[in-house]
Every structure is written in structure tokens, then in C-alpha cells.
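Below, chain A is the first sequence line, B the second, and so on; all start at residue 1. These numbers were taken from a predicted model, which means no experiment stands behind them.
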Amino acid sequence: MFRLLPTCIGRHISKSLPSLQAHCSLFSAAISSRQFTSDGFNNGNKDIDFNILFSSCTKVHLAKCLHAFLLVSGKGQNIFLSARLVNLYAYLGDVSFAQRTFDQILKKDVYTWNSMVSAYVRSGRFRDAINCFYLFLLTSGVRPDSYSFPSVLKACGNLVDGKKMHCWVLKLGFEWDVFVAASLVHMYSRFGFLSAARKLFNNMPVRDMGSWNAMISGFCQNGNAAGALEVLDEMRLEGVKMDPVTVSSLLAVCSQSDDSLSGMLIHLYVIKHGLECDLFVSNALINMYAKFGSLGHAQRVFDQMEARDVVSWNSIIAAYEQNDNPITALGLFNRMQLIGIQSDLLTAVSLASIVAQLSDHQSSRSVHGFIVRRGWLMEDVVIGNAIVDMYAKLGAIDSARTVFEGLPVKDAISWNSLITGYAQNGLADEAIEVYRMMEEHKEIIPNQGTWVSILPAYSHVGALQQGMRIHGRVIKNCLYLDVFVGTCLVDMYGKCGRLDDALSLFYHIPRMSSVPWNAVISCLGIHGHGEKALKLFNEMLVEGVKPDHVTFVSLLSACSHSGLVDEGQWCFRIMQEEYGIKPSLKHYGCMVDLLGRAGRLEMAYNVIKNMPIQPDASVWGALLGACRIHGNYELSTFASDRLFEVEPENVGYYVLLSNIYANVGKWEDLDKVRSLARNRGLRKTPGWSSIEVNNKVDVFYTGNQTHPKCEEIYNELKILNTKMKSLGYIPDLSFVLQDVEDDEKEHILTSHSERLAIAFGIISTPPKSTIRIFKNLRVCGDCHNATKFISRITEREIIVRDSNRFHHFKDGICSCGDYW
DNA sequence: GTAGGGTTAG
């Protein structure tokens, strides 16, 4: 009989389901290779046990073979068998075949309809499921039963579309069915209507395991651990034990709420009751331990699993990826591929982050291509955002922008990723521009991530008023107590010259972690309050907060700005001895800066000589900067040679060296440096200063002639110059590197960008109000001196933030005591 | 012959 099948099948199915043709021969092949349990064929095929046959179909192609067989044996319209086929396709995840089979059934009974609805639900086509249900309810003439509602209610729960369905449940009188009631509980939980869910749950006359789990997972999925525990207690009182479903819900909420104690207790319960063999439980355990940073525990759970699915692999890969171990994560990904587990969208999300962490530009393109080929970029915004983030982290911000522009749907995180990308690549203006565009899209609601991405951009350009506007929005959204947003605000106020505001805000935000402390210590440092920074460090220790490597960078630089050499050396020592932190290049840079500024050039050089790691440009640059302050020609030549070896393309160092040579009158050397820079195609970074007046940031370049108020600005400077000279100001012409007449040199000094910005501030703001200037490079020595005079003449406080620190000018003196 | 409650994300 089977040998004859192919031709017979061919005739039948060419009329009905053409694509089944291909399965004719497969069917016989499958039979002969015993992929179908042969017990189903009772000697000579007299009685076929369809139960066994259906349950033998574990792959779609086997289902198609069976389908073909049913058609050829004339059972195509057998309501019992064809409905089971719909169900089978649904289980195997082929919803389109389920649908085609369903459509061919002329007389559909309630089982057939229920199968089709649940097929849609299982494949995530919730809208189709609801439409199919209504077709069933209103047009089929068949009455839904208690089996019909649980799946359609699940679909509603995914679409926030359930009140109407609840009415139908009541109308048809199924609210007391334990499955239906549990589905209602779960649906309302999904909407976040926990009290409605709880009320329904309390009224249930009978509760099975599924009902308890529906209520508990309702609380868990809303992040309400306390609510979940309350239900759990009731459950225990009634003598019901947790099953794997309860446990996996609870483990997820433990990791979300950082409750490692409960998480470990549940793990003990799991071991005691032998629930480790459940896939979901093990996966949830891996995720939880990864969240707690306990990679050893996560790995152990993974190793002990008997069977692993794609979620297990994704979880262990993400565990390493998110705990800064991209190499191990990549190794696991390769292993996963080797054993033939198909990656999914979430694997790709981790992969994008892995290549970004590894700075692997080439692989980033492959990952992007891989995702595009699978059509995932169009399918889910999450993966698009991951790619934007990946490119941004790799510094390929233009690629990030292109991917962003091409996203079919953008959510708040897409915008945040791009803003952060610009801000972290030093493009604060672009970040601000993108945020402005985001604000135009009213349907996008900014969130915590938005504030954390835009505030540093405002800090960077010193846009205090716009930063304060964000502060207002943060308060409105009740996010002002969020550690990360709070820290960004502290940083913003600090970097925009409002140290007092930064400090008072700091004491209002949670400060259990080192993050806000690091920010406030760094603010004190750049304002030249080294001693206060040390005091805060002490306070931090008293409050039991553990300092990290960032804390010490902030502290060391604070000491260096204030000339606290002994204290700085003490910090450097305890960092290693008491906290076991190995100094990084940044720490060494700070130490060289600290000693060098204080004139201990020999010691600074010794620090470099004794470094166990290769010094980079920032370390040599710190030494060169010190040579400039203390006029050490020999050492500067040596330092600059090393510097041009490691970073020949940074123009700033050539300028610094020219300054040194100009100061000691080595004009020939100066010419050499200049031609060296010119030959390497380097051009001096133009100096610019900005000032924010009436919510608008005005930028001035040195010698700017195009500003609308240009004439008034130069007039004001002229008047000021006369007054300054009468008070004893003598222009320091050594800051002009151009070889021109002294008159011209004086004119160049007067048109430095910081002076233009100050003059603009004076003519555009009320008398005696504070002026805040931001300069992209270090403030020039002559401008520093001149600003002291201007603060006295105009009786204004002038705050200048340059690329290094703050200078507070008041009554003719600067808070830095001319030490910078 | 059918249904509900579970794990991973930028």
C-alpha cells in the first residue's frame, strides 16, 4: 500500500494543497525510516491508531506527510482528524499551514475553532486570534465553550483589549471555570490592574496551581515583589507547594528587585524539591545570578543542566557580556553555533554588545549584516537600538545615525541611544540637536535614559539654563531621586559653575553607591576645592561606601588642582594598599600632573619611569604641561619626543611645546615644531568660548568679526582695556606665538575668544550679575590676568570653565590663587 | 481530540 502512495497522493493533493506535493515521497521515506512509530500501523494497515500517528509528528515535515496521507485516504473532510491537524500545525509553530487546513474544513465544530484561535495565540498573532474568535462567536453558529476563552483572553492580555471579552465571559456564564477565571486574573495583571485581578482571584471558589501562579506572576511581572510574596504566604497557609512555574516567576522578580537573599533561598528550595531539571527554572537561575554578578553560580547552573535551549544559551552569553567579559561570552556563542543551536534575536542583541566591547569594527559590520539578512531590524525595535548603540560605542557615529534613520519604528530608547552616542563621542552640539528633534515627536515620552543621555551634553557645553529646564522635567516625572539622573544633575550643576547647588542636590539623592560620590568629589576638584574633596572622601568612608577606581581618579585630580601633593600621594598609596586597586593610565596621569604642577618634575618623571604599564600620551602630556609651567626646556624636549612617538596626531601637544620654546626664546626650535606639525597636516584647534544668555548659547572664536553685536563687544573691550591699564594691567605678550609687532600682539590678546564672550556677557546681562564662560581649551595666562581686573572693574563675579577646571574671579582675584 | 499560569532584551 505504501509503495503505491506517491502517485495517489499526487493526484489528490494537486487539487487541494499544492505545496504538499513535495511531501509525497517524504511520507514513504518517513515510514520506512521509522520516523513514524510503526506500532501505529496494525499489520497491513487495517486499523490505524491516529493518536500514535499524530503524537509521532514532532517536526513540521512529518505533519505534512501525515496530512498528505489523510488526504489520499479520503479523510480530508473528517472533522475529527482535520481539526487535529490544525492543532498539530499550531503546536509545531506553522500557523500558516494551520490556517490553510482550517480554511479547507467545511463544517467546523467548537474544537476546530478553538484550535485555530490557540494556533494564532501560540504564534503571537494576537489580533488575528481575537478576530478569529469574533468570527467564531458571531458568524459560525457554533457556541464557544469554556475551552475557547483562556486562549483568547491571553491574546487580549497582550493587547490591552480585554474588558469586552470579560463581558462575553459573563454573558456566556463561564466566569466560574477555573481556567477561565485564572486567565482573567492574568489578563488584568498584564494591564497592571492588580487590584481588579486580586479581587477576581479572591472570589474564585476553587484555585488550582495555575490560578495561584497567575496571581503570583501578575505581581512579579509588574515588579511588585511584596505583592507576590503576600500571595505566596496565603498559598503556603493553604498547604500548596511552589511548582516550577511559581519558582521561575519568583526568581525573575528577585533579580529585578536585587533581592539576592530570597533568590538564594528559592535556589535552595529548588534543589531540595528537585526542580533544577526544569528548563525555565534553570534559565531563571542563570539570569538571576548573572544580574547579581555571580558568574560562578550562573556557570554552575548552566553546566549542570541536562538540556539547554536557546534561552539558556542567551542567558549565559548575556551573563558574561553584561559583566564585562566579552571574550568568554564570544566563546560561548561559538560553542552554541558549533552544536547547532539557532541564534535568535536576543542572541544578536548580546552579540552586538560583545563586538562593541571588543572594539571589533570588522565584526560589527558582520553582525549588522547578519541581522539585516534575517529581517530582524524590521521586526523588533530592540535589535535596531542595539545596533545603534553598537556603532555609537565603536565611534562609528555616522553609521549609528544611518541605522537610526532607517528604523521603521523608533522608541524612546532609540533616541536615547543616538543622543548618548553623540555625547560620548564628544559631539555635544549634535546630541542637543537630536534631543531637540526628539522633543518634537510628542508621542515619544522621554524617560530616565533620556535625562542621563542629554544632561552630560548640557554639562559639556555649560548650558546651565537648559540643564535646569531638564531638572524641572525630572522633578515633574518624580525621577529626581533616581541615582543616575541625580548624579547627572550634580555633575551638570557642578560643571556649569553652580557648586553650591551641586552640593545641596547631592545630599538629597541616594548615595549608597560610589557613583554620586565620585561626581561630587570630581566637581569639588575642578572648582579647586581639594580639601573639601578629601573631606567628602572621608565622609564617604564613614557612610560605609566603598570607593572604586573612578573615586581615586576624581580625588587625585582634585589634589592636583589644589596643589595638595602629600595628600595626593597618600591617596595613591591607600588606593593600592587598602583597596587593592591597580593604578590605571588615568591614575598615573594624575600623579604626574600632581607632582609636575607642584614643580617636582624629577619625581614626576620617576613615576613614569617606574610605571609597570606603557605610558600613553596623557601621561607624557601631563609631564609636558608641567614643563611648560616651570619652564624646563630639557625635560620638555624629552617628553615631547616620547609624546610624538605615541600620539603624533594630537595638535595640542605641538602648541604646548611651541609655547615652551617661545617662553625660553628658542625661536629656531619653535620653527621646527611648527613645520613638523605642518608636515603632518595638523592644524591648531581653534579656540572658542561660549556663554549662555537667555537660554541661547553664543559661541565666539578668537578674532570673531561676525557676531551681530561685534561692534559693541570690541567697544566694550576697548573701554575695559583703558581702565585695566590705569589699574596696573600689563599685557603679557609672551602668550602670542605669532611673530608680529607688539601692537598687533596686544590686539590679538584682546580678541581672544574668552574676552569676546566676557564682553558680550557684560553688555547683555544686568549690571553686577554673574558671568559664566566656557572655553574649549585652557584659558590663556594673559586672559586669566585680565579677567581678574575685569571682575574688579565691573564688580562682577566671572566664572570661567576651561578644558581643565574652573576659575572663579571676584574683586580682582581668582579662587585658584593663580595655581592651575 | 482542545484551554490558563513560567525564563532572556536595547
Side-chain angles (χ1 to χ4, degrees), chain A residues 50-51 54-55 79-88 90-91 109-119 121-122 144-154 157 174 177-187 189-190 201 207-218 220-221 242-253 255 275 278-288 290-291 309-319 321-322 344-350 352-353 356 380-390 392 411-414 416-417 420 449:
Chain A
F50 284 105
N51 277 334
F54 269 94
S55 61
I79 191 165
F80 180 86
L81 293 172
S82 48
R84 277 196 82 170
L85 263 178
V86 174
N87 218 16
L88 181 62
Y91 261 110
D109 68 352
V110 61
Y111 171 86
T112 322
W113 282 103
N114 288 348
S115 299
M116 194 59 232
V117 172
S118 66
V121 174
R122 247 180 243 125
D145 62 5
S146 66
Y147 285 87
S148 316
F149 282 100
S151 27
V152 76
L153 285 169
K154 186 178 177 181
F174 290 118
D177 180 275
V178 67
F179 274 57
V180 177
S183 303
L184 280 169
V185 167
H186 192 245
M187 182 188 75
S189 308
R190 290 291 299 249
F201 178 74
R207 291 177 194 146
D208 67 353
M209 207 54 230
S211 334
W212 286 105
N213 287 336
M215 194 63 249
I216 290 173
S217 79
C220 291
Q221 285 168 5
M242 299 197 283
D243 74 350
V245 179
T246 333
V247 166
S248 31
S249 293
L250 287 171
L251 286 171
V253 85
S255 54
L275 304 180
D278 186 277
L279 194 59
F280 282 68
V281 170
S282 292
N283 292 347
L285 279 169
I286 296 173
N287 281 304
M288 182 187 74
K291 179 80 193 301
D309 67 352
V310 65
V311 179
S312 327
W313 284 96
N314 287 348
S315 303
I316 194 75
I317 290 169
E321 174 254 304
Q322 288 177 1
D344 69 1
L345 205 134
L346 292 187
T347 327
V349 169
S350 288
S353 169
D380 196 333
V381 66
V382 171
I383 187 71
N385 296 344
I387 295 294
V388 172
D389 191 57
M390 174 187 78
D411 65 2
I413 297 177
S414 324
N416 297 351
S417 304
T420 312

**Prompt:** So what does A:Ala318 hit on the nucleic acid, given a heavy-atom distance under 4.0 Å: a base, only sugar-phosphate, or nothing?
**Reply:** nothing

**Prompt:** Which of these nucleotides, B:dT2, B:dG4, B:dG6, is closest to any side-chain atom of A:Asn87?
**Reply:** B:dT2

**Message:** Less than 4.5 Å apart, side chain to side chain, heavy atoms only: is that true for A:Ile413 and A:Ser417?
**Reply:** yes

**Request:** Would you classify A:Ala83 as touching base, sugar-phosphate or nothing, given that sugar-phosphate means primed atoms plus P, OP1 and OP2, and contacts are heavy atoms under 4.0 Å?
**Result:** base

**Message:** Please classify the nucleic acid contact of A:Phe174 as base, sugar-phosphate, or nothing, using heavy-atom distances under 4.0 Å.
**Reply:** nothing

**Prompt:** Taking atom types as they are modelled, is there a donor-acceptor pair under 3.5 Å from the base of B:dG6 to the side chain of A:Ser249?
**Reply:** no

**Asked** So, the side chain of A:Arg190 versus the backbone of A:Lys154: is there a donor-acceptor pair under 3.5 Å, distance only?
**Response** no

**Asked** Can you tell me how far C1' of B:dT8 sits from CD of A:Glu321, to the nearest Å?
**Response** 11 Å

**Message:** From C-beta outward on A:Arg122, which listed nucleotide comes closest to its side chain: B:dT8, B:dA3, B:dG6?
**Reply:** B:dA3

**Asked** For A:Thr246, which contact category applies under a 4.0 Å heavy-atom criterion: base, sugar-phosphate, or nothing?
**Response** nothing

**Fill in**
Taken to the nearest whole Å, CG/A:Asn283 to P/B:dA9 is 12 Å

**Request:** Pick base, sugar-phosphate or nothing for A:Val310, based on heavy-atom distances below 4.0 Å to the nucleic acid.
**Result:** nothing

**Message:** I want to verify a distance call: between B:dA3, B:dA9, B:dG6, whose nearest atom is closest to the A:Ser151 side chain?
**Reply:** B:dA3

**Message:** Measuring to OP1 and OP2 of B:dG6, would you say a side-chain N or O of A:Gln221 lies under 4.0 angstrom away?
**Reply:** yes

**Request:** Would you mind reading off the distance between A:Met215 atom CE and B:dG6 atom C1', rounded to a whole angstrom?
**Result:** 15 Å

**Message:** Mind checking if A:Ser211 touches a base, just sugar-phosphate, or nothing, with heavy atoms under 4.0 Å?
**Reply:** base

**Item:** Nucleotide B:dG6, atom P - distance to CG of A:Leu279 in whole Å
**Value:** 15 Å

**Message:** Categorize A:Val311 for me: base, sugar-phosphate, or nothing, with a 4.0 angstrom heavy-atom threshold over every strand shown.
**Reply:** base

**Shortest side-chain distance from A:Asp145, nucleotide among B:dG4, B:dG6, B:dT2** = B:dT2

**Prompt:** B:dA9 P sits how many Å from A:Asn416 CG, rounded?
**Reply:** 18 Å

**Message:** Applying ring pair (Phe, Tyr, Trp, His ring centres under 6.0 Å), can you list everything that pairs with A:Phe174, at least two apart in sequence or on another chain?
**Reply:** A:Phe149

**Request:** Measure the distance from CE on A:Met116 to P on B:dA3 and round it to the nearest whole Å.
**Result:** 13 Å

**Message:** Within the 4.5 Å heavy-atom criterion, are A:Gln221 and A:Ser189 side-chain neighbours or not?
**Reply:** no

**Request:** Give a yes/no answer on whether the side chain of A:Ser118 brings an N or O atom under 4.0 Å of OP1 or OP2 in B:dT2.
**Result:** no

**Prompt:** NA contact type, A:Val185, heavy-atom cut-off 4.0 Å: base, sugar-phosphate, or nothing?
**Reply:** nothing

**Request:** Indicate, yes or no, whether a donor-acceptor pair under 3.5 Å links the base of B:dG6 to the side chain of A:Asp278.
**Result:** yes

**Prompt:** Can a donor-acceptor pair under 3.5 Å be found between the side-chain atoms of A:Asp208 and the base atoms of B:dG4?
**Reply:** yes

**Message:** Under 4.0 Å, heavy atoms only, any strand: does A:Ser248 hit a base, just the sugar-phosphate, or nothing?
**Reply:** base

**Prompt:** Heavy atoms under 4.0 Å, any strand shown: does A:Asn114 hit a base, just sugar-phosphate, or nothing?
**Reply:** base

**Message:** Under 4.0 Å, heavy atoms only, any strand: does A:Ser115 hit a base, just the sugar-phosphate, or nothing?
**Reply:** nothing

**Request:** With heavy atoms under 4.0 Å as the rule, sort A:Asn314 into base, sugar-phosphate or nothing.
**Result:** base

**Prompt:** Are any of the side-chain heavy atoms of A:Ser312 and A:Leu279 separated by less than 4.5 Å?
**Reply:** yes

**Message:** When you measure from the side chain of A:Asn287 to the backbone of A:Asn283, do you find a donor-acceptor pair of N or O atoms at a distance under 3.5 Å?
**Reply:** yes

**Asked** Expressed in angstrom and rounded to an integer, what is the separation of A:Lys154 atom NZ from B:dT2 atom C1'?
**Response** 14 Å

**Item:** Counterpart residues, side chain to side chain contact (heavy atoms under 4.5 Å, CB included), relative to A:Ser148 (two or more places apart)
**Value:** A:Val110, A:Asn114, A:Phe133, A:Phe136, A:Pro144, A:Asp145

**Message:** I want to verify a distance call: between B:dA3, B:dT8, B:dG4, whose nearest atom is closest to the A:Asp177 side chain?
**Reply:** B:dA3

**Item:** Length of the line joining A:Leu153:CG and B:dA3:P, which is rounded to integer Å
**Value:** 15 Å

